[in-house]
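Just so it is clear, the model here is predicted, and its values are computed rather than measured.
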Amino acid sequence: MRSLGDFRSGRPGFYPDQSVYAEYACAEFGLAFRDLDGGTGLVFSVASNSKTIHFGAGRCSWYPQNNATASTLASDKYFTNTILERAGVATLGGEYFFLRDRHRAHRPAGHERGDALEYFSKLGGAAFIKPLLGSRGDFAQAVPDEASLARYLDEVSQYYDAILIQPIVSGNEYRVFLLDDEILYTARKYPPFVLGDAARPIRDLLVAHNEALRSRGLSPVAVADDPSLDVVLAKGERWEIPGRMNLSAGGTMVLEAPSSDAALELARKAARTLGLRVAAVDLFTEVGGDPKAIRIIEINANPSIRLLEQSDRYDLILKIWRHTFLAMGLLGV
C-alpha cells in the first residue's frame, strides 16, 4: 500500500487536504479517484463500478452523509445555539448583529450595528466576537472595550455581513469528533504562541505572526499599546497569544480526552440534536473553574482532519472516508 506521503508529495500549497485524503482512501478501498480541474484538487470524483460521487473544495461539504439542512444550520452559530439550548444543551449563548443595512427589511428589529453596541454594554463592555458564518478562527477574538469594538466592527464588516457577540468565558477547550454516535477522537486545544529569539520584542514577533496569518487569508492578532509587549524573550521562550485556538490560526491540538465523560455525552447529544452524522463538536470544560460546567462552543459539520495527518493517525483518516464511501453507496453494495 502506498503511504499518505506519496499522495501529498509534489502537490501545490493550495491543494486541499481532503483531496489528498480522498485519493489515499480510494487507493486503499479500490475506488477510482479522478481530478476534474487540471490537477488542482478543487473538483474531483470518486467512482465504484456502478456509481460516481463528486466533491469540491471551498464552501462544498466533504461529508455528503450530512444532509444539507443540518449542515447549513451548523454553519450558523446563532441557529445552532438556539436549537441546542431548546434541547437542553448548554452553549455560550450570545446575540447576532448585522453590519450592513442591506436586506434590513427582511429581518427583525434589534439586530443592527447600534444594537450591538447596546448588547456589548450589557455584557460589561467586553465580549468575545466572531463572524456569524465564519470559520478557521477568522476575526474570532476578545474585544476589551468600546473603542476596540468600533475598530473591530469597521474591519470585520469588510469581509462579513453579521457577527455573534458572546460573553468571555474561560475553560479547557476540546474538540470531539463523531461518526454517528461513535467518538472517533478527542483533542485538547491550546493557544498559538510566538518563540523568543533573544533579539526582537514580543511586539515584533507578533508582527511576523500576523504576516503569516494574512498570507493564509486570516485576520491578524490585535497588537495592543502595552509596554509588556516591548519585552525581549529569551531564545526559545514561549509567549502564548490569548484568544482563538484554531489550528489554522496557529493554535495547537493534541489528541487527548477530557477528564469527564459528561463532555463526551454532551457532544453526542449536540450532534444528534442537529441531525449530523459527522460532526466536530468544540466545547469548554471546567468553565469558570467549575469542574462540572461544560458549554458547547460550536459544531462543525465540515471539519478539517489535518490533525490526524500531523499525528500519524492515517487509520482514522481512512475510517472517516470509509464512512463517507459506505454512506454514499460506493462500498458495501
### Query
Looking only at side chains, do Ser9 and Asp6 share a donor and an acceptor under 3.5 Å apart?
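On atom types as modelled, these side chains do not qualify, holding no pair under 3.5 Å.
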### Query
Is it true that the side chains of Thr324 and Gln65 contain a donor and an acceptor less than 3.5 Å apart?
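Yes, Gln65 and Thr324 have a side-chain donor paired with an acceptor closer than 3.5 Å.
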### Message
Connecting only ILVMFWY residues whose side-chain heavy atoms lie within less than 4.5 Å of each other, what is the rest of Val169's hydrophobic cluster?
### Response
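Members other than Val169 - counting any ILVMFWY side chain reachable under 4.5 Å - are Leu92, Phe284, Val287, Ile297.
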### Task
List for me each residue that meets ring-ring contact (aromatic ring centres under 6.0 Å, His included) alongside Phe325, sequence neighbours excluded, and say none if there are none.
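Once residues adjacent in sequence are excluded, the partners of Phe325 under the ring-ring contact (aromatic ring centres under 6.0 Å, His included) criterion are Trp321.
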### Message
Going by ring-ring contact (aromatic ring centres under 6.0 Å, His included), name the residues that satisfy it together with Phe120, two or more places apart in sequence or in a different chain.
### Response
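So Phe120 forms no ring-ring contact (aromatic ring centres under 6.0 Å, His included) with any residue.
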### Query
Atom OG1 in Thr91, atom CD in Glu85: separation rounded to 0.5 Å?
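Thr91 atom OG1 to Glu85 atom CD measures 3.5 Å (nearest 0.5 Å).
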### Query
Rounded to the nearest 0.5 Å, what separation is found between the CZ atom of Arg306 and the CD1 atom of Ile317?
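Those atoms lie 11.0 Å apart.
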Determine all donor-acceptor pairs shorter than 3.5 Å in which one atom belongs to a side chain in residues 98-106; sequence neighbours excluded.
from	atom 1	to	atom 2	distance (Å)
Arg100	NE	Ser157	O	3.4
Arg100	NH1	Asp161	OD1	2.3
Arg100	NH2	Ser157	O	2.5

Could you tell me whether the side chain of [Y] reaches within less than 4.5 Å of the side chain of [X], counting heavy atoms only?
X: Ile202; Y: Asp230; value: no
X: Tyr314; Y: Leu308; value: no
X: Ser19; Y: Tyr15; value: yes
X: Leu178; Y: Leu276; value: no
X: Leu206; Y: Ile241; value: yes
X: Ser45; Y: Leu36; value: yes

Please check if [X] and [Y] belong to a single hydrophobic cluster, counting links between Ile, Leu, Val, Met, Phe, Trp and Tyr side chain heavy atoms closer than 4.5 Å.
X: Ile183; Y: Leu318; answer: no
X: Phe29; Y: Leu184; answer: yes
X: Val156; Y: Tyr96; answer: no
X: Val143; Y: Ile165; answer: yes
X: Leu123; Y: Leu164; answer: no

### Task
Over all heavy atoms of both residues, which pair between Ala90 and Ile294 is shortest? Give the atoms and the distance, please.
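In this case the closest contact between Ala90 and Ile294 is CB-O, 3.8 Å.
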### Task
Could you tell me which non-hydrogen atom of Gly137 sits nearest to which non-hydrogen atom of Ser219, and how far apart they are?
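Scanning both residues, the minimum pair turns out to be O-OG, 4.4 Å.
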Tell me whether [X] at atom [atom1] has more than 12 heavy atoms from other residues, nucleotides or ligands lying less than 6.0 Å away.
X: Asp181; atom1: CG; result: yes
X: Glu146; atom1: CD; result: no
X: Phe79; atom1: CZ; result: no
X: Asp154; atom1: CG; result: yes
X: Arg188; atom1: CZ; result: yes

Identify, with sequence neighbours excluded, every residue that meets side chain to side chain contact (heavy atoms under 4.5 Å, CB included) alongside [X].
X: Ala57; value: Pro16, Leu42, Trp62
X: Thr252; value: Tyr190, Phe193, Val254
X: Pro220; value: Glu155, Asn210, Arg214
X: Leu205; value: Val194, Asp197, Arg200, Leu233

### Query
According to the side chain to side chain donor-acceptor pair (under 3.5 Å) rule, which pairs have a member within residues 68-81, sequence neighbours left out?
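Listed by first then second residue: nothing to list.
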### Task
Would you list the pairs meeting ring pair (Phe, Tyr, Trp, His ring centres under 6.0 Å) in which at least one residue belongs to residues 239-270, sequence neighbours left out?
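Passing the test, one end in residues 239-270: no pairs.
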### Query
Among pairs that include at least one residue of residues 153-175, which meet ring pair (Phe, Tyr, Trp, His ring centres under 6.0 Å), considering only residues two or more places apart or in two chains?
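Residue pairs with at least one partner in residues 153-175: Phe139-Tyr159.
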### Query
Of the options Arg11, Arg8, Arg2, which is the one that meets Glu23 in a side-chain hydrogen bond (donor to acceptor under 3.5 Å, both in side chains)?
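The option that passes is Arg11.
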### Message
Checking side-chain hydrogen bond (donor to acceptor under 3.5 Å, both in side chains) between Glu182 and each of Lys319, His323, Arg268, which is the one that passes?
### Response
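The passing option is Lys319.
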### Query
Can you list every pair that meets salt bridge (charged side-chain N to carboxylate O under 4.0 Å, His left out) and has a residue in residues 276-293, with sequence neighbours left out?
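Non-adjacent pairs meeting salt bridge (charged side-chain N to carboxylate O under 4.0 Å, His left out): Arg175-Asp282, Asp180-Arg277, Lys189-Asp282.
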### Query
For Val281 and Phe177, what are the C-alpha separation, side-chain angles and deciding distance, and is it a side-chain contact (heavy atoms from CB on, under 4.5 Å)?
CA-CA 6 Å; Val281 180; Phe177 193 103; over 6 Å; no
